[in-house]
Structures are given as C-alpha cells and as structure tokens.
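Read the structure below first, then the notes.
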Amino acid sequence: MKLLLDSHVLLWAAGFPERLPEAARAQIADPATELWFSAASLWEIAIKRSLGRPDFDVDARVLRRGLLDHGYVELPVTSAHAVAIDLLPPIHRDPFDRLLIAQALVEGLALLTADTLVAQYPGPIRRI
C-alpha cells in the first residue's frame with residue numbers, strides 16, 4: 001500500500017509517534033507500506049513555523065532529510081495536482097489540505113489524515 005501522510009500525521013510519525021493510534025503506527029511501520037510525503041507539507045510546516053505555531057516547531061530541512069533517510073518518497077507539487085483542486089467539492093478551505101487531497105487522487109495514493117473535514121472527501125482517504 002502507498003500512503004501519503006498529511007502534515008500533522010507526518011509530524012507525529014517523525015517525532016511524536018505516541019500521538020498516533022496504534023493501528024496507524026502499525027500501518028506506518030509495516031515494511032509493505034510505501035510512505036510518501038508531499039513538498040506541500042514541508043511548505044506548510046515552514047510557513048507555520050515562521051508564524052510561530054507551536055504545533056509546527058520543526059525545521060523543515062531537518063525533517064525532509066530524516067524522511068528521505070528513512071525511506072519516504074518525496075512527492076513534488078505539479079501542475080496536474082494544482083488543476084485537480086477544482087474538481088474537489090468545497091468541504092474544506094485549507095489550501096494545503098486541498099492540495100494533498102488532489103495529489104492523492106492524481107497519484108493513486110491513500111491519504112492518511114487525522115482531520116475530520118479532510119476525511120469527508122471522496123476517494124482514497126483514511127482517517128486515523
């Protein structure tokens with residue numbers, strides 16, 4: 001299975017795995033699971049850290065290096081992802097989450113999220 005982790009799940013998996021439910025930790029740790037992260041998540045983390053958000057107090061450069069060193073696959077943002085956003089129903093207004101949903105749909109990845117609004121979108125979205 002290929003899992004794209006949303007920004008919060010990514011932060012928890014990398015630094016605070018105890019915040020994840022046991023089932024999510026097991027799925028992330030399963031060697032058969034291919035773990036993906038989006039450049040959009042690192043962009044979100046960098047922006048929110050610069051704004052002083054305590055829940056995003058992580059150096060995005062260090063996080064990226066650690067993810068790559070642990071076998072995560074990096075997903076760049078493409079124009080195909082950007083234009084797919086207009087196909088999404090207006091459930092959630094957060095541009096980062098909408099981009100992650102579009103990426104998951106375009107790339108055929110399951111998006112792992114803790115966000116109840118994101119989980120309302122149709123498609124391969126799994127709420128933890």
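Because the structure is predicted, anything quoted here is derived from the model rather than measured. The figures here come from the full heavy-atom set of this structure, side chains too, leaving out hydrogens, waters and symmetry mates.
Distance check: Leu88 CG to Arg98 CZ gives 5.0 Å after rounding to the nearest 0.5 Å. Taken to the nearest 0.5 Å, the CG atom of Asp30 stands 9.0 Å off from the CG atom of Leu35. Atoms CG and CG, on Leu3 and Leu109 in that order, are 8.5 Å from each other to the nearest 0.5 Å. Here CD1 of Ile45 is found 6.5 Å from CZ of Phe56. Values are rounded to the nearest 0.5 Å. To the nearest 0.5 Å, the span separating CD on Glu44 from NE2 on His8 amounts to 7.0 Å.
Follow the hydrophobic side-chain contacts under 4.5 Å out from Val118 and you never reach Leu10; the two are in separate clusters. One hydrophobic cluster, built from ILVMFWY side chains closer than 4.5 Å, cannot hold both Val73 and Trp43; they sit in different ones. Connection of Leu99 to Leu4 is not established within any shared hydrophobic cluster, with ILVMFWY side chains joined at heavy-atom distances below 4.5 Å, either directly or through further cluster members. Using a 4.5 Å cut-off between side-chain heavy atoms of Ile, Leu, Val, Met, Phe, Trp and Tyr, with links allowed through other members, Leu112 and Leu75 fall into different hydrophobic clusters. In the hydrophobic cluster analysis, where Ile, Leu, Val, Met, Phe, Trp and Tyr join through side-chain heavy atoms closer than 4.5 angstrom, Leu117 is grouped together with Tyr121.
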Take Glu74 and Leu67, measure what side-chain contact (heavy atoms from CB on, under 4.5 Å) needs, and give me the verdict at the end. CA-CA 9 Å; Glu74 184 173 6; Leu67 294 169; over 6 Å; no

Step by step, work out the side-chain contact (heavy atoms from CB on, under 4.5 Å) result for Asp59 and Arg49. CA-CA 8 Å; Asp59 184 326; Arg49 180 181 191 217; 3.6 Å; yes

Taking it one step at a time, do Glu107 and Lys2 satisfy side-chain contact (heavy atoms from CB on, under 4.5 Å)? CA-CA 10 Å; Glu107 301 298 331; Lys2 295 180 180 184; over 6 Å; no

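For Glu18, there are no salt bridge (Lys or Arg N to Asp or Glu O under 4.0 Å) partners, not counting sequence neighbours. The side chain to side chain contact (heavy atoms under 4.5 Å, CB included) check on Pro122 picks up Pro89, with sequence neighbours excluded.
Ile128 and Pro21 get closest at one heavy-atom pair: CD1-CD, 3.8 Å. Closest heavy-atom contact between Phe37 and Tyr72: CD2-CB, 3.7 Å. Heavy-atom minimum distance, Val106 versus Ala80: CG2-O, 3.9 Å.
For the pair Asp115 and His92, the minimum side-chain heavy-atom distance is below 4.5 Å. Using a 4.5 Å heavy-atom threshold, the side chains of Leu11 and Leu63 count as touching. Between Leu20 and Val9 there is a side-chain heavy-atom pair separated by less than 4.5 Å.
Side-chain atoms of His81 do not come within 3.5 Å of backbone N or O of Val77 as any donor-acceptor pair. Not one N or O on the side chain of Arg126 forms a donor-acceptor pair closer than 3.5 Å with the backbone of Ala110. With Arg53 contributing its side chain and Lys48 its backbone, the two residues share no donor-acceptor pair below 3.5 Å. Side chain of Gln103 to main chain of Pro76: a donor-acceptor pair is present (N/O by atom type, distance under 3.5 Å, no hydrogens or angles). Although no hydrogens or angles enter the test, the distance criterion places no donor-acceptor pair under 3.5 Å between the side chain of Ser38 and the main chain of Leu100.
A side chain to side chain contact (heavy atoms under 4.5 Å, CB included) with Ile101 is found for exactly one of Asp94, Leu87, Asp6, Leu111, namely Leu111.
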